[in-house]
Amino acid sequence: MTFEQIKQSAGEHIMGTYARYDACIESGSGAVCKDVNGKEYIDFTSGIGVNSLGFADPEWVKAVSEQAGKLAHISNLYYTAPGVALAKALCERTGYSRVFFGNSGAEANEGAIKTARKYSFDKYGEGRADIVTLVNSFHGRTVTTLAATGQEVFHNYFFPFTEGFQHVPAGDFAALQLAAGPSVCAVMLEFVQGEGGVIPLDEGYVKQVADFCKERDILLIADEVQTGVGRTGKFLASEHFGVTPDITTLAKGLGGGLPIGAFLVGEKLKEVMGPSSHGTTFGMNPIVCAGANVVMGRTANEQFLREVTMKGEKIRACLTCCPEVAGTTGLGLMIGIQLKGKKSGDVAKACLEKGLLVLTAKEKVRLLPPLTITDEELSRGLQILWEVLNS
């Protein structure tokens, strides 16, 4: 099929929930991909933070292919070695006690919410189920995770939303204290608000919140769907802030290109969810876990993480000299670019035309390159970005 035929067929048969860019990507290697017409693009998106090892990483492809040839699916009624190996690696790397595997970030956050509410119900009984989240947060697109999301633009059309969520301004500890009354069982936050504009929280604020929650046996839930698995230059973004949340959720980059979600719990929560309290048909899929084990083997390495930090610093240093750039935000290879005059959407479209894939986050251009991007690929992409920003 030609690109025009593909585009027409998509319009006829796929729900219009995405305003897609004018390209059909067909293949890729490393941080470079090609469309159906053979045009090359440098990828600064990682499929929205998913392709942590880039396109078609040889080790990842081998692991996934070999597992597909042995066992694709059997369900969680049975043990499978790839999932057990992944759980062990995650717990040993993070210090958490147990993990539950699902298929997406929204599922991971749903599981975290259920775990927090059940812990509180088991210990304190009814009436202690509210969860405080932050204004400008994003936690998913299910009815419950939309309710948890602290952006009013998402609170439309799908009424009634799940009850039990309060939203307070990020960084306003007094507001959080006021909201976290006797009905609250958890506080849920992102260390860097990704969809909200790539905005890191203040370290002092995070520590205040963590101490406050610990004193009152309010669980701290960290949504690391976008920040986790090396994206910020640490395996978990919480390491930048010196805190250990009670629950951490992961997804996106953990699978290296296949759908996965996970939430990790500490010692006091490891027995909260028992048989039938939660479940998933496809979670802990052997093929997905085989790929995720390769991702873990690479991203849990300290030298690898230092290189992620250095690549992020290179991008920031380049952009600091750009006349159109008002500033940058984020951590590691999670970067937001504040523009002086141009619109982020216009920049993204112009970059696409010149052979660079970038993202937007509100008024900012957002960059989430593969963690394995080479210096040569990075330089090529930055040259295009520089040209677009200064045109």
Side-chain angles (χ1 to χ4, degrees), residues 1-56 104-105 138 140-141 151 153-154 194-198 225-226 231 251-253 255-259 315 319 322 324-325 328 330 333-339 341-371 373 377-378 380-391:
M1 296 173 70
T2 67
F3 173 53
E4 289 306 320
Q5 288 172 326
I6 293 169
K7 188 175 178 180
Q8 181 180 347
S9 184
E12 292 173 354
H13 303 295
I14 299 175
M15 284 192 177
T17 56
Y18 283 88
R20 290 179 172 83
Y21 290 105
D22 211 24
C24 178
I25 306 303
E26 185 176 59
S27 64
S29 177
V32 180
C33 58
K34 293 182 180 179
D35 66 19
V36 293
N37 295 319
K39 180 179 177 180
E40 278 194 355
Y41 303 85
I42 301 295
D43 179 27
F44 276 13
T45 75
S46 302
I48 317 182
V50 169
N51 300 326
S52 47
L53 305 182
F55 297 108
S104 68
F138 183 84
R141 292 186 181 274
Q151 298 185 54
V153 67
F154 291 108
E195 301 296 328
V198 198
V225 167
Q226 192 168 143
R231 173 56 57 185
K252 288 189 179 290
L258 290 172
I315 294 173
L319 294 173
C322 180
E324 173 57 23
V325 174
T328 61
L333 283 176
M334 184 178 182
I335 298 171
I337 307 171
Q338 185 71 51
L339 306 174
K342 294 181 183 292
K343 294 183 178 179
S344 59
D346 294 338
V347 170
K349 289 178 182 177
C351 283
L352 181 74
E353 291 175 3
K354 289 183 176 290
L356 174 67
L357 307 182
V358 300
L359 299 162
T360 62
K362 295 188 179 296
E363 78 284 354
K364 292 177 183 174
V365 173
R366 177 171 44 151
L367 308 181
L368 298 171
L371 305 184
I373 192 168
E377 291 165 336
L378 197 55
R380 285 171 60 190
L382 286 172
Q383 183 177 348
I384 294 171
L385 181 58
W386 183 278
E387 290 173 1
V388 169
L389 290 175
N390 290 296
S391 63

Colleague: Grab the two heavy atoms, one from Asn51 and one from Gly256, that are nearest each other, plus how far apart they are.
Modeller: OD1-O, 3.9 Å
Colleague: For atom NZ of Lys39, is the number of surrounding heavy atoms from other residues, nucleotides or ligands below 6.0 Å larger than 12?
Modeller: yes
Colleague: Go through the steps for Ile337 and Leu385 under the test side-chain contact (heavy atoms from CB on, under 4.5 Å), then give the verdict.
Modeller: CA-CA 11 Å; Ile337 307 171; Leu385 181 58; 3.9 Å; yes
Colleague: Does a side-chain heavy-atom distance below 4.5 Å link Thr17 with Arg141?
Modeller: no
Colleague: Of the non-hydrogen atoms in Val325 and Leu319, which two are nearest, and what is the gap between them?
Modeller: CB-O, 3.5 Å
Colleague: Between Ile373 and Ala31, what is the shortest heavy-atom contact and its length?
Modeller: CG1-CB, 3.6 Å
Colleague: Give the minimum heavy-atom separation between Phe44 and Glu377, together with the two atoms involved.
Modeller: CE1-O, 4.4 Å
Colleague: Donor-acceptor pair, Lys342 side chain versus Ser391 backbone, under 3.5 Å?
Modeller: yes
Colleague: Please answer whether the main-chain N or O of Pro369 pairs with a side-chain N or O of Ser46 as donor and acceptor at a distance below 3.5 Å.
Modeller: yes
Colleague: Could you tell me the separation between the CD atom of Gln151 and the NZ atom of Lys362, rounded to the nearest 0.5 Å?
Modeller: 4.0 Å
Colleague: Can you check whether Lys252 reaches Val50 side chain to side chain, under 4.5 Å on heavy atoms?
Modeller: yes
Colleague: Once you round to the nearest 0.5 Å, how far does CD of Gln338 lie from OG1 of Thr328?
Modeller: 10.5 Å
Colleague: Just how far is it from atom CG of Leu359 to atom CD1 of Ile335, taken to the nearest 0.5 Å?
Modeller: 12.0 Å
Colleague: Can you measure from CG (Leu356) to CZ (Arg380) and round to the nearest 0.5 angstrom?
Modeller: 10.5 Å
Colleague: Is Leu352 close to Leu357 at the side-chain level, that is, under 4.5 Å between some pair of heavy atoms?
Modeller: yes
Colleague: Of the non-hydrogen atoms in Tyr21 and Ala348, which two are nearest, and what is the gap between them?
Modeller: OH-CB, 3.4 Å
Colleague: Can you list the steps and then say if Val32 with Phe55 is a side-chain contact (heavy atoms from CB on, under 4.5 Å)?
Modeller: CA-CA 7 Å; Val32 180; Phe55 297 108; over 6 Å; no
Colleague: Is there a donor-acceptor pair under 3.5 Å between the side chain of Ser344 and the backbone N or O of Ala361?
Modeller: no
Colleague: What do the steps show when you test Glu4 against Gln8 for side-chain contact (heavy atoms from CB on, under 4.5 Å), and what is the final call?
Modeller: CA-CA 6 Å; Glu4 289 306 320; Gln8 181 180 347; over 6 Å; no
Colleague: Between Lys7 and Arg20, is any pair of side-chain heavy atoms under 4.5 Å apart?
Modeller: no
Colleague: Do Ile315 and Leu378 come close enough that some side-chain heavy atom pair is under 4.5 Å?
Modeller: yes
Colleague: Assess the residue pair Leu368 and Leu333 against the criterion (side-chain contact (heavy atoms from CB on, under 4.5 Å)); give the C-alpha distance rounded to whole Å, side-chain angles, the decisive distance to 0.1 Å, and a yes or no.
Modeller: CA-CA 6 Å; Leu368 298 171; Leu333 283 176; over 6 Å; no
Colleague: For a quick test of reading the model, state the closest non-hydrogen atom pair linking Ile42 to Gly381 and the distance between them.
Modeller: CG2-CA, 4.0 Å
Colleague: Do Tyr41 and Ile25 have side-chain heavy atoms sitting under 4.5 Å apart?
Modeller: yes
Colleague: Within this structure, what is the CG-CG distance for the pair Leu389 and Leu382, rounded to the nearest 0.5 Å?
Modeller: 10.0 Å
